[in-house]
Chemist: 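Following this message is one structure expressed as structure tokens.
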Amino acid sequence: MKFFYHSLLLILILIQQNTDVKAQSPKINARVDSLFAEWNKPGKPGAAVGVVHQGKLVYAKGFGESDLETGARNGPETIFHIASVSKEFTAYAIVLLSQEGKLSLDDDIRKYLPEVPDFGKTITIRHLIHHTSGLRDQWNLLAMAGWQLDDVITKEHVFNLVKRQKELNFEPGSAYSYCNTGYTLLAEIVGRISKQPFSAYMQEHIFKPLGMKNTLFYDDYERIVKGRAYSFHKSDKVPEGYKKSVLSYSNVGATSLFTTVTDLSHWIDNFSSHKVGNAATMTQMLERGRLTKGDTLPYAFALIHGKLKGLSYYGHNGADAGFRSFLSYFPKEDYGFIVLSNQAEFDPQKKGFEVANLYLASQFKEDKTVKVPDTSAPITGYKFDSTLFKKYEGSYELAEAPGFVLRFWRNGARYMTQATGQGENEIFPSSDSTFFLKVVEASVVFHKSKEEKVSKITLRQNGEHAGNRVKPAVIQSMKKEELVGKYYSTELETFYSITLTDDTLKLVHVHHGEVVLKTISKDRFVAPWWFVQNVDIARDESGKVSGLRMSNGRVMNLWFKRLNEDFAAGEPTPIKK
């Protein structure tokens, strides 16, 4: 009788719990709907949203249109390009092959990709996984070479660039720099080991076993895919209010996964059910990268560890053309959140966390002993003593990226920052020493010495990056005429010119056009971020200009040799007989 009593009590409790969940679901669903109401209108792109709990979709809905030309609606079965969220699938394939003994994560990548140049330092598969290889990013290289990112870009185009590289951004393992090139190479490694196209391997070994019926790696930009979304961006220049964001990629691994909310729910379920792979597979996937100096990165195997109001999660976001995507999973609570959008201005991570706030509200933790808010979930209402900011104002150069300077100043009641070659952005205090940005997931910590002086910062954005205070540049006298000329990169096979018009130096490229070079110091200049961020003048022993070192975020110090005067003037160099 006692056993029966306890069993009946347990059943009643379970029934009550299930009843509570069902009673709450319509209310929560309505609140989620309201988060996306502004996109749920005709003639607007929008999003598809999914919430996964205990392996099942408990919420799945679409908002707005997947194609503004046909008026097709977004929904859970709409096929989206999910950009860099693709990387976790590529990483999963690598882990499966390593478990089968077909590769080691510490193998030199040239064992499988002998065409990658020998830089004198070993680059391992693990380096590619964690973005610590030192390789230059494929998109930045292409942009510097004159490509538009809506051009047709194939795997072969990327490999042709990689083959011509002569230097790395940094020694492998010594630093972190997000690098799409690494994941393009990882996909090729999977293909060469499995002796089949990467897209075919993924279909056979991951997508089909998981029941992901509408998922594929899109490696042919001419392929027709029914039910897919197209991407858009706002424009006040047309009556419709939107223009197309064209995407013509034919390369995979770093990007180009086509999938749906429904299919991604099966992927999230596999994190705990292990229908493909096993528990050891996920343990490996969640292993964070480590730098040679011992620092641990939040970036694991294309899964970024984070916290939301005390709850641990892992996930990734993505952005290509007008597509925006975010996937996160809270393992202890067994909740996954999916937000896929086809509008460039959409912030999927922000909206994903807003949805998570509704479902996980009762489970969020409050640590009453900690007075400073968690910077991973910044609070804009922090009461900051504005007099403290006087010590923070100034310029700070990142130690790992010489020439990349963050400037901070106060503008009335607002606190501002500007990075080299980029626009101004407002920052917001989350403690007396920490400020965060809303435009990107990043924060800055100001460090005080014992003497209360501030000479160091830490930029937290995909890892931690130290910076040191630098004095405002004193621009020395310089003959601008000596910089005028033509410069060539054998690694990009492209030319840049420096011209002088009305005492203004300009950087010119045949495809990108021309931009004004802003002087930072005698031999250092900056240009708009979409062109080339930093231009450093190189001189020979006699002081004569011999070339340029150009950087663009994920490309550092790319060499451009100055050409002789005849060639620079456009005249052919005589052929020696």
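Position 1 is the first residue of the sequence, and the numbers go up from there.
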Chemist: Looking only at non-hydrogen atoms, find the nearest pair between Pro331 and Ser312 and report the distance.
Modeler: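 Smallest interatomic distance, heavy atoms only, reads CD-O, 3.5 Å.
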Chemist: Tell me the closest heavy-atom pair linking Tyr92 and Gly277, and the distance in Å.
Modeler: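 Here Tyr92 and Gly277 meet closest at OH-CA, 3.9 Å.
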Chemist: Does the side chain of Asn278 come under 3.5 Å of the side chain of Gln99 through a donor N or O and an acceptor N or O?
Modeler: yes
Chemist: Does NZ in Lys44 sit with more than 12 non-hydrogen atoms of other residues, nucleotides or ligands closer than 6.0 Å?
Modeler: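 Check passes, neighbour count above 12.
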Chemist: Kindly state whether the ring of Tyr183 and the ring of His131 have centres lying under 6.0 angstrom apart.
Modeler: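 Yes, close enough.
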Chemist: Looking at Tyr230, I'd like to know if the NZ or CZ of Arg228 sits under 6.0 Å from its six-membered ring centre while staying within 45 degrees of the ring's axis.
Modeler: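 Yes, Arg228 sits over the ring of Tyr230.
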Chemist: Could you please spell out the steps behind the side-chain contact (heavy atoms from CB on, under 4.5 Å) verdict for Leu96 and Ile206?
Modeler: CA-CA 10 Å; Leu96 290 178; Ile206 295 180; 4.1 Å; yes
Chemist: Taking Leu327's backbone N and O only, do any of them form a donor-acceptor pair with His316's side chain (distance below 3.5 Å, no angle check)?
Modeler: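 Side chain of His316 to backbone of Leu327: no pair is present.
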Chemist: Strictly below 4.0 Å, N to O, side chains only: are Lys234 and Glu345 in salt-bridge contact?
Modeler: no
Chemist: Using the ring-ring contact (aromatic ring centres under 6.0 Å, His included) rule, pick out the option among Phe330, Tyr314, Phe353 that qualifies with Phe337.
Modeler: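 When Phe330, Tyr314, Phe353 are each tested with Phe337, the ring-ring contact (aromatic ring centres under 6.0 Å, His included) holds only for Phe330.
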Chemist: Compare all side-chain heavy atoms of Asn214 with those of Thr262 and state whether any distance is below 4.5 angstrom.
Modeler: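 With C-beta onward as the side chain, the pair stays apart.
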Chemist: Is any side-chain heavy atom of Val555 closer than 4.5 Å to a side-chain heavy atom of Met144?
Modeler: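 Result yes, sub-4.5 Å side-chain heavy-atom pair found.
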Chemist: Does the side chain of Phe89 reach to within under 4.5 Å of the side chain of Thr215, using non-hydrogen atoms?
Modeler: no
Chemist: Are Leu257 and Val85 side-chain neighbours, meaning at least one heavy-atom pair lies under 4.5 Å?
Modeler: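 No - every pair of side-chain heavy atoms lies 4.5 Å or more apart.
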Chemist: Quick one: OG on Ser341 to CD1 on Ile82, what's the gap to the nearest 0.5 Å?
Modeler: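 Between atom OG of Ser341 and atom CD1 of Ile82 there are 13.5 Å.
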Chemist: Under the 6.0 Å and 45° cation-pi test, does Lys351 pair with Phe36?
Modeler: yes
Chemist: Taking the side chain as everything from C-beta on, heavy atoms only, tell me whether Leu185 gets closer than 4.5 Å to Phe159.
Modeler: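 Side chain of Leu185 against side chain of Phe159, heavy atoms only: contact under 4.5 Å found.
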Chemist: Give the intermediate values and the outcome of side-chain hydrogen bond (donor to acceptor under 3.5 Å, both in side chains) for residues Thr281 and His274.
Modeler: CA-CA 8 Å; Thr281 314; His274 314 309; over 6 Å; no
Chemist: Do Thr259 and Phe207 come close enough that some side-chain heavy atom pair is under 4.5 Å?
Modeler: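 Result no, sub-4.5 Å side-chain heavy-atom pair not found.
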Chemist: Looking at Ala47 and Asn342, what are the two nearest heavy atoms and their distance?
Modeler: N-OD1, 4.4 Å
Chemist: Is there a donor-acceptor pair under 3.5 Å between the side chain of Tyr299 and the backbone N or O of Tyr178?
Modeler: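 No: the side chain of Tyr299 does not pair with the backbone of Tyr178.
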Chemist: Give me the atom names and distance for the closest heavy-atom approach of Ala321 to Ser245.
Modeler: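 Of all heavy-atom pairs spanning Ala321 and Ser245, the closest is CB-O, 3.8 Å.
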Chemist: Can you check ring pair (Phe, Tyr, Trp, His ring centres under 6.0 Å) on His130 and Phe301, steps first, answer last?
Modeler: CA-CA 7 Å; His130 297 306; Phe301 279 57; 5.2 Å; yes
Chemist: Is there a donor-acceptor pair closer than 3.5 Å between any side-chain N or O of Asn180 and the backbone N or O of Asp137?
Modeler: no
Chemist: For Asp334 and Phe271: C-alpha separation, side-chain torsions, deciding distance, then whether side-chain contact (heavy atoms from CB on, under 4.5 Å) applies.
Modeler: CA-CA 10 Å; Asp334 198 10; Phe271 290 161; over 6 Å; no
Chemist: Decide yes or no on ring pair (Phe, Tyr, Trp, His ring centres under 6.0 Å) for Tyr329 and Trp267, but give the supporting numbers first.
Modeler: CA-CA 11 Å; Tyr329 180 62; Trp267 174 245; over 10 Å; no
Chemist: Find the distance between CZ (Phe80) and OG (Ser66) and round it off to the nearest 0.5 Å.
Modeler: 7.0 Å
Chemist: Test Phe323 against Leu340 for side-chain contact (heavy atoms from CB on, under 4.5 Å), laying out the working first.
Modeler: CA-CA 8 Å; Phe323 290 107; Leu340 311 178; over 6 Å; no
Chemist: Are the side chain of Arg288 and the backbone of Pro298 linked by a donor-acceptor contact shorter than 3.5 Å?
Modeler: no
Chemist: Is it true that a side-chain atom of Asp150 and a backbone atom of Val246 form a donor plus acceptor pair closer than 3.5 Å?
Modeler: no
Chemist: Decide yes or no for Gln343 and Phe232: does some side-chain heavy atom of the first lie under 4.5 Å from some side-chain heavy atom of the second?
Modeler: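 The answer is no, as the side chains (C-beta and beyond) never meet within the 4.5 Å cut-off.
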Chemist: Could you check whether any side-chain N or O of Thr417 sits under 3.5 Å from a backbone N or O of Arg407, counting only pairs where one atom can act as donor and the other as acceptor?
Modeler: yes
Chemist: Answer with yes or no whether the side chains of Thr184 and Asn251 bring together a donor and an acceptor at under 3.5 Å.
Modeler: no
Chemist: In Å and rounded to the nearest 0.5 Å, what is the CG to CG distance from Leu161 to Leu492?
Modeler: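 Reported value, rounded in 0.5 Å steps: 6.5 Å.
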Chemist: Distance check, rounded to the nearest 0.5 Å: Ile338 atom CD1 versus Leu264 atom CG?
Modeler: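 If we round to the nearest 0.5 Å, Ile338:CD1 and Leu264:CG are 5.0 Å apart.
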Chemist: Which value, rounded to the nearest 0.5 Å, describes the distance between Glu333 atom CD and His53 atom NE2?
Modeler: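 Rounded to the nearest 0.5 Å, the CD-NE2 separation comes to 10.0 Å.
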Chemist: Are Lys155 and Asp219 ion-paired here, with the side-chain N under 4.0 Å from a carboxylate O?
Modeler: no
Chemist: Quick one: does Lys87's side chain have a donor or acceptor within less than 3.5 Å of a partner on Ala254's backbone?
Modeler: yes
Chemist: State, yes or no, whether a side-chain contact exists between Ser199 and Val252 at a heavy-atom distance under 4.5 Å.
Modeler: no
Chemist: Using the rule given for side-chain contact (heavy atoms from CB on, under 4.5 Å), can you reason through Leu141 versus Gln165, listing the C-alpha separation, both sets of side-chain angles and the distance that settles it, and then say yes or no?
Modeler: CA-CA 10 Å; Leu141 284 171; Gln165 295 303 295; 4.0 Å; yes
Chemist: Closer than 3.5 angstrom, by distance alone: can the side chain of Asp220 be matched with the main-chain N or O of Glu222 as a donor-acceptor pair?
Modeler: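 Yes; at least one donor-acceptor contact below 3.5 Å.
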Chemist: Should Ser177 and Asn169 be marked as a side-chain hydrogen bond (donor to acceptor under 3.5 Å, both in side chains) after you check the CA-CA gap, both sets of side-chain angles, and the distance that decides it?
Modeler: CA-CA 9 Å; Ser177 180; Asn169 281 338; 4.6 Å; no
Chemist: How long is the span from the CG atom in Asp67 to the NZ atom in Lys244, to the nearest 0.5 Å?
Modeler: 7.5 Å
Chemist: With distance as the sole test, does Asn140 use its side chain to make a donor-acceptor pair with the main-chain N or O of Asn552 at under 3.5 Å?
Modeler: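 Indeed, once roles are kept as given, a pair shorter than 3.5 Å links the two residues.
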Chemist: May I ask you to decide if Lys275's main-chain N or O and Asn270's side chain share a donor-acceptor pair within less than 3.5 Å?
Modeler: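 Confirmed, Asn270 side chain pairs with Lys275 backbone.
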Chemist: Taking all non-hydrogen atoms of both residues, which atom of Ser133 and which atom of Leu128 are closest, and how far apart?
Modeler: CB-CD2, 3.9 Å
Chemist: Does CZ belonging to Arg192 count more than 12 external heavy atoms closer than 6.0 Å?
Modeler: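 Check passes, neighbour count above 12.
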Chemist: Relative to each other, are the rings of Phe258 and His81 parallel, tilted or perpendicular (30° and 60° limits)?
Modeler: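 If you compare the ring of Phe258 with that of His81, the planes turn out perpendicular.
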Chemist: Provide the closest heavy-atom pair for Leu308 versus Ala356 in the form atom of the first, atom of the second, distance.
Modeler: CD2-CB, 4.0 Å
